[in-house]
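Written out below as structure tokens is the structure these notes cover.
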Amino acid sequence: MATNQSPVTNPPTQLFLRAALGETTERPPVWLMRQAGRILPQYRALRLRFPDFKAFVKTPEAAAEATLQPVDELGVDAAIVFSDILVVPEAMGLNYEMIEAKGPRFPKTIESQHDVEALRSGAEAAESLEYVYEALRVSKRALADRVPLIGFAGAPWTILAYMVEGSGSKTFSKARRLLYTEPVLAHTLLQKITDTTIAYLRQQVVAGADLLQLFDSWAGELPAAHYRAFAVPYLRQICEAMPEVPKTVFAKGAWFALEDLVGLPCQVIGLDWNIDPAFAKQKIGGGKVLQGNLDPCALYADTQTIEKETVAMLRAFGGNHIANLGHGVYPDTPLDGVRAFVGAVKNFQY
Ligand code: CP3
């Protein structure tokens with residue numbers, strides 16, 4: 001009897017989750033990486049109230065408002081909690097600054113064994129991220145099961161890269177050098193990041209995340225052998241530790257590692273726009289759902305071109321697919337371009 005059942009908070013009946021679990025769907029679900037952001041006038045208005053990015057992220061009601069904006073405005077099939085991958089290094093004791101129009105910067109970076117030893121990790125570090133869990137709870141309540149809620153974290157290699165470089169980089173030579181000069185130290189740091197990420201993602205699921213995405217934004221900087229040695233084993237640990245929800249691994253630029261990613265216990269593999277869908281299908285086979293991968297720059301084109309490019313991409317994947325861009329939407333993308341993309345997916349039928 002329905003009345004005797006405990007309420008089902010995460011019914012897998014929603015398009016996005018059904019597709020992520022490998023079900024055949026009538027059309028692919030669609031969302032955009034970085035959909036909660038400057039493309040939306042409502043987000044820009046909210047930012048005026050929170051000029052300090054970190055204060056914004058740490059205010060759960062505001063973060064939840066940003067999480068829901070793209071669902072309300074664009075009709076996307078999933079929400080992603082508004083936060084940043086850099087909250088994890090901060091929780092471990094490495095403070096970051098977000099510099100307007102430039103990006104993140106760590107005043108202090110990781111240089112020595114002493115620095116690594118001084119970092120908090122695991123549940124102790126993840127405890128300080130209560131504001132993210134609260135943003136998830138508030139978002140989940142406000143969504144009222146309209147669409148599923150995605151939780152996320154940076155992949156360990158990408159987080160190490162920020163902690164060692166102190167910012168984005170043209171070459172990532174400090175982070176890459178560490179893998180040759182101090183491999184043991186690199187592994188110690190990667191393990192600490194992994195332990196923290198597992199504790200963090202576990203709490204995200206408790207707080208209401210329906211699916212977890214790992215962002216390995218700097219995967220493409222590594223040689224294949226290093227990706228296999230320093231990235232894949234930690235992705236595996238994280239995926240194995242989170243059996244209760246589907247997981248997406250988005251390793252940007254890692255066309256060379258697709259076969260390694262196939263072996264991970266995740267359901268979805270995110271693809272950047274450099275990868276031809278036919279190539280990905282051939283390397284990955286039928287056991288995974290693929291997510292992506294329109295060039296974000298396509299959304300600067302006229303509506304007809306966007307529709308044509310989107311439909312061509314959907315046909316190339318041909319099923320077992322979640323429509324997205326090949327990386328985050330650029331903040332100055334015209335909203336009409338984003339709408340044309342979402343509309344083209346929603347009008348599509350297999
Ligand atoms: O909509 C969403 O995707 C959810 C929110 C989200 C943000 N950052 C908010 C944000 C997510 C999933 C991220 C992940 C993130 N953050 C990544 C991985 C994805 C990727 O792009 O490869 C990385 C590398 C970061 C680090 C980061 N945060 C950078 C480099 C920057 C500055 C430059 C930029 O891309 O805007 C940020 C700031 C940031 N994080 C903004 C947002 C909306 C911009 C702040 C603003 O303009 O208001």
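Counting starts at 1 for both ligands and their atoms, in listed order.
- Every pair tested for salt bridge (charged side-chain N to carboxylate O under 4.0 Å, His left out) that includes a residue from residues 148-167 fails, sequence neighbours excluded, so the list is empty.
- By the 30° and 60° cut-offs, the orientation of the rings of F230 relative to H187 is parallel.
- Tested against E73, the residues L40, V342, I39 include a single side-chain contact (heavy atoms from CB on, under 4.5 Å) partner, L40.
- We find that E100 and R47 are joined by a salt bridge, their nearest charged nitrogen and carboxylate oxygen being less than 4.0 Å apart.
- Distances between N or O atoms of W31 and those of ligand 1 include no value under 3.5 Å.
- Near I80, meaning under 4.0 Å from any of its heavy atoms, are these atoms of ligand 1: 1 (O), 2 (C), 3 (O), 4 (C), 12 (C).
- Proximity of R38 to ligand 1, defined as any heavy-atom pair under 4.0 Å, is confined to the side chain (atoms from C-beta onward).
- The protein heavy atom nearest to atom 6 (C) of ligand 1 is S83 O, 3.4 Å.
- Two rings, from F56 and Y43, have their centers less than 6.0 Å apart.
- Around NZ of K174, the count of heavy atoms belonging to other residues, nucleotides or ligands within 6.0 Å does not exceed 12.
- With atom 27 (C) of ligand 1 as the reference point, the heavy atom nearest to it among E100, R105, R34 is part of R34.
- Ligand 1 has at least one atom lying under 4.0 Å from a heavy atom of Y43.
- At a 4.0 Å heavy-atom cut-off, ligand 1 touches M98 through the side chain alone.
- Among V30, L211, T25, L21, the one residue that satisfies the side-chain contact (heavy atoms from CB on, under 4.5 Å) test with F16 is L211.
- Geometrically, K281 does not engage F317 in a cation-pi contact defined by less than 6.0 Å to the ring centre and at most 45° from the axis.
- The backbone N or O of D145 sits nowhere less than 3.5 Å from a side-chain atom of K140 that would complete a donor-acceptor pair.
- Ligand 1 lies out of reach of L32, whose nearest heavy atom is not under 4.0 Å from it.
- From the protein, the heavy atom lying nearest to atom 12 (C) of ligand 1 is F152 CZ, 3.4 Å.
- You'll find the ring centres of F172 and W218 inside the 6.0 Å limit.
- Annotation for Q42: atom CD counts as buried by contact number, over 12 foreign heavy atoms lying within 6.0 Å.
- When only interatomic distances are considered, the shortest N/O to N/O separation between H327 and ligand 1 falls below 3.5 Å.
- Remark: among candidates K102, R44, R47, the nearest residue to atom 46 (C) of ligand 1 is R47, based on non-hydrogen atoms.
- The atoms of ligand 1 that sit less than 4.0 Å from any heavy atom of G103 are 32 (C).
- Here the protein heavy atom with the shortest distance to atom 29 (C) of ligand 1 is P104 CD, 3.5 Å.
- Near S217, meaning under 4.0 Å from one of its heavy atoms, ligand 1 places the atoms 18 (C), 19 (C), 20 (C), 22 (O), 24 (C).
- By the criterion of a heavy-atom distance under 4.0 Å, neither the backbone nor the side chain of P70 is placed next to ligand 1.
- Only the backbone of V81 comes within 4.0 Å of ligand 1, counting heavy atoms alone; no side-chain atom from C-beta on gets that close.
- For G168, the heavy-atom gap to ligand 1 stays at 4.0 angstrom or more.
- Within the structure, no pair that satisfies the side-chain hydrogen bond (donor to acceptor under 3.5 Å, both in side chains) test touches residues 307-329, not counting sequence neighbours.
- Contacts of K252 with ligand 1, taken as heavy-atom pairs under 4.0 Å, are absent altogether.
- The distance criterion of under 3.5 Å between nitrogen or oxygen atoms is met by D84 with respect to ligand 1.
- Heavy atoms from other residues, nucleotides or ligands lying under 6.0 Å from CD of Q304 number 12 at most.
- Residue contact check for ligand 1: W218 places no non-hydrogen atom closer than 4.0 Å to it.
- Considering backbone and side-chain atoms alike, A36 places an N or O below 3.5 Å from some N or O of ligand 1.
- Of the protein's heavy atoms, Y162 OH, 3.4 Å lies nearest to atom 24 (C) of ligand 1.
- Remark: side-chain polar atoms of W273 are not paired, donor with acceptor, to backbone N or O of L325 under 3.5 angstrom.
- Within ligand 1, counting atoms from 1 as listed, the ones closer than 4.0 Å to a heavy atom of F53 are 10 (C), 39 (C), 40 (N), 41 (C), 42 (C), 45 (C).
- At the top of the distance list for atom 17 (C) of ligand 1, counting protein heavy atoms only, stands I85 CD1, 3.7 Å.
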